[in-house]
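For the numbers below, each heavy atom of this structure counts, side chains included, while hydrogens, waters and symmetry mates do not. Below, chains carry the letters A, B, ... as their sequence lines are ordered, and counting in each starts from 1.
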Amino acid sequence: MTDERIDTNGESEKPKNFLEEIIEGDIKSGKHGGRVLTRFPPEPNGYLHIGHAKSICLNFGLAQRYGGQTNLRFDDTNPVKEDVEYVDSIKEDVRWLGFNWANEVYASDYFEQLYQWAVALISKGLAYVDDQTQEQIRLSRGTVTQPGKPSPWRDRSAEENLDIFARMRAGEYPDGSKVLRAKIDMAHPNMLMRDPILYRIIHAHHHRTGDKWCIYPMYDYAHGQSDSIERITHSICTLEFDVHRPLYDWFIERLDIFPSKQYEFARLNITYTVMSKRKLLELVKEKVVMAWDDPRMPTICGLRRRGYTPEAIRTFAERVGVAKRDNVIDLSLLEFCIREDLNKRAERRMAVLNPLKVVITNYPEGQTEQLEAVNNPEDEGAGKRSVPFSRELYIEQEDFMENPPKKFFRLAPGNEVRLRYAYFITCNEVIKDNDGNIVELRCTYDPASKGGHSPDGRKVQGTMHWVSAQHAVPAEVRLFDRLFTNPDPNDVPDGEDWKTAINPESLKVITAYVEPELAKADVLDKFQFERMGYFCVDTDSTPEKMVFNRTVTLKDTWAKISSK
RNA sequence: UGUCCUGUAGUGUAAUUGGCAACACGUCUGACUCUGGAUCAGAAGAGUCUAGGUUCGACCCCUAGCAGGACAACCA
């Protein structure tokens, strides 16, 4: 493992992040009897993305590490935005990442309790019904530098408030006509403390409570109390909620309920990636991508379809660390994590992406032989397979150069290379079409080099992948690249559409020739196409027409050298 | 302009809680190799935002600046 230190006992120990320090401190001091209960609280209004994965791994990981548990709680307090479609996808994604929640709960489960607490606050003179319009409320809130002004309804009697609030619940008033607000301080330097809204009237159908309610609690009023009801010990959220913490604590103190505590960490950002739900939705709606699970999307389902594994994502979440300062992680770290995982696990296959025909002139016409190939040099247990070889082959176009530069190790006129697991071949003749394009190579092979070894011990510099022309299976291959050309897609000049930074070459569809063994593959099976990268079978794939997605290329030293 | 949060190699995260900075990704060498993959070995790269202060000693504590971020939805 990485990031380890060797302590005096010779045991390795990972450096702790600030949340682990806090939890360990709490356990040591006996807070909550050493109990640890976290929660992952998505709003069911969109698909989960890699940023959520960081939060999921954090919440579940922390609980696991300290013998605790984690609730999956849907923060469903806004019926106009939420839908069961999202509930289902969120559950699927959390499970796929490898986590099991202790309880599946919903903020809407607590609507009655929340209502009762609101009544209690009103009775204590800590909340009131405001009849002002949305506009009036906004205006009277003041600005960050100027205090707000009290509502003319601020001093209604508790009796009157109680009565009106009950009628709000009963559905006597139209949407937007009244709200329930906490009575705190209209001059508070923290805008959120300027008599925040607790309840608003929304006559809308809720995905779980149906039409039972027409008043719905706001986030600030619902979240902390939900934590408290579940007796969450550590409520971990992202930095932008830091400002909300005083309010979070205010409700818990006034209501005198279980003291859950909120802690904030910096959300994940990745180069060449947008992470906002709004922008991701826009990409889907405007058909910039195929869907939420488009392999170019940073959504969990997109990454899954792209060929990422839960293990790689978890490792990534571990390696990006946790802290309170804003951060932007190199996309290369994510790519490193998936390569590292797939290198150990993905079986190797040969596939030619851009075919160039090769005829072995001294190989008997009509002959075919089966050659043995190792499935995964990193894993003995993966076994072997056989690959058909014949007189006519395809190799990669980029593996041949008529006038090669100095350090080009691949095929060139007069040059001998190895065909992986097959033979040494030498190129004798280059055949071109009328436009001068190379269309075929005539080569000879050394029958003694069968299997890829030369009996006389002579070395070749290059080893290339290939497929037998008559045996190869054509397949669609989708070559994905980063969705944006700008490392910071959010950095757009004023007034310009943020989507101008979209990479026009983020998807190239080609027809490749793959070795016949690949025809047995199932959807989502992952392979390394030797020397080309990691690929997985797309959900669009059928036995008649296979479709592969490129997850990530292999590290390509030659590309680096040749581009210099 | 108010309040809060945050400033450590290119990017992230550490530093036994005060003993002059480590690990990972990336970059660059080299070795090895039937993947220009993997693996292995090594290198470069920060003196910790700035200025003061406390201290024998400061990335760590204090003060003042500076920079970045968050907050003015009946969103979460």
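Of the two residues contacting RNA chain B, namely N376(A) and K324(A), the nearest-nucleotide position lying further toward the 5' end is that of K324(A). Comparing L554(A) and F336(A) along RNA chain B, the residue whose closest nucleotide (by nearest heavy atom) sits nearer the 5' end is F336(A).
Ion pairing of R73(A) with E230(A) is present here, as a side-chain N (NZ or NE/NH1/NH2) and a carboxylate O approach within less than 4.0 Å. Under 4.0 Å is where a charged nitrogen must lie from a carboxylate oxygen, and between R531(A) and D556(A) no such pair does.
Base pairing of rU50(B): its partner is rA64(B), meeting the Watson-Crick or G-U wobble criterion (both donor-acceptor distances under 3.5 Å). Nucleotide rU35(B) is matched to nothing when pairs are restricted to Watson-Crick or G-U wobble geometry with both distances under 3.5 angstrom. Shown here, rC71(B) forms a base pair with rG2(B); the pair counts as Watson-Crick or G-U wobble because both key distances fall under 3.5 Å. Across all strands shown, the partner of rU27(B) is rA43(B), judged by Watson-Crick or G-U wobble contacts whose two distances both fall under 3.5 Å.
At least one side-chain nitrogen or oxygen of R325(A) sits closer than 4.0 Å to the OP1 or OP2 atom of rU8(B). At the phosphate of rG36(B), OP1 or OP2 sits under 4.0 Å from a side-chain N or O atom of R531(A). OP1 and OP2 of rU16(B) both lie 4.0 Å or more from every side-chain N or O belonging to K16(A).
Between I197(A) atom CD1 and K178(A) atom NZ the span is 14.0 Å, to the nearest 0.5 Å.
For R319(A) against rU11(B), no side-chain N or O and base N or O form a donor-acceptor pair under 3.5 Å. A donor and an acceptor atom sit less than 3.5 Å apart, one in the side chain of Q528(A) and one in the base of rU35(B). Judged by distance alone, with hydrogens and angles left aside, E378(A) brings a side-chain donor or acceptor within reach of the base of rG37(B), the pair sitting under 3.5 Å. Between the side chain of R410(A) and the base of rG36(B) there is at least one donor-acceptor pair of N/O atoms closer than 3.5 Å.
The aromatic rings of F389(A) and Y445(A) sit tilted, their planes meeting at an angle between 30° and 60°. Taking the six-membered ring where tryptophan is involved, the planes of F529(A) and F548(A) are perpendicular, since the angle between them exceeds 60° and thus also 30°.
rG53(B) shows a glycosidic angle more than 90° from 0 and is accordingly assigned anti. Taking the O4'-C1'-N9-C4 or O4'-C1'-N1-C2 dihedral as appropriate, rU13(B) has a value more than 90° from 0 and is therefore anti.
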- Kindly determine whether Y115(A) and R169(A) satisfy side-chain contact (heavy atoms from CB on, under 4.5 Å), including the steps that lead there. CA-CA 9 Å; Y115(A) 178 86; R169(A) 176 179 183 170; 3.3 Å; yes
- Query: Between H223(A) and D75(A), does a side chain to side chain donor-acceptor pair (under 3.5 Å) hold up when you go through it step by step?
  - Reply: CA-CA 8 Å; H223(A) 201 97; D75(A) 228 331; 2.6 Å; yes
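Counting any heavy atom pair closer than 4.0 Å across all strands shown, H465(A) reaches no nucleic acid atom. Among the atoms of the strands shown, only primed sugar atoms or phosphate atoms (P, OP1, OP2) are found under 4.0 Å from some heavy atom of V322(A). At the heavy-atom level, K344(A) lies nowhere under 4.0 Å from the strands shown. Base engagement by F409(A) is indicated by at least one non-hydrogen atom pair under 4.0 Å involving a base atom.
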- Task: Mark up nucleotides 69-76 of chain B, 5' to 3', with B wherever a protein heavy atom is under 4.0 angstrom from a base atom, S wherever such an atom reaches only the sugar-phosphate, and - elsewhere.
- Result: SSBBSBSB
- Item | Footprint string (nucleotides 41-50 of chain B, 5' to 3'): B base within contact, S backbone only, - free, heavy atoms under 4.0 Å | ----------
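In summary, of the residues considered (D130(A), I164(A), V129(A)), a side chain to side chain contact (heavy atoms under 4.5 Å, CB included) with W153(A) occurs for D130(A) alone.
In this structure, CG of N343(A) is placed 7 Å from C1' of rG37(B), rounded to the nearest angstrom. When the P atom of rG37(B) is taken as reference, atom CE of M464(A) falls 16 Å away, rounded to whole Å.
Distances were taken from every side-chain heavy atom of I329(A) (C-beta onward) to each of rG37(B), rC4(B), rG12(B); the shortest belongs to rG12(B).
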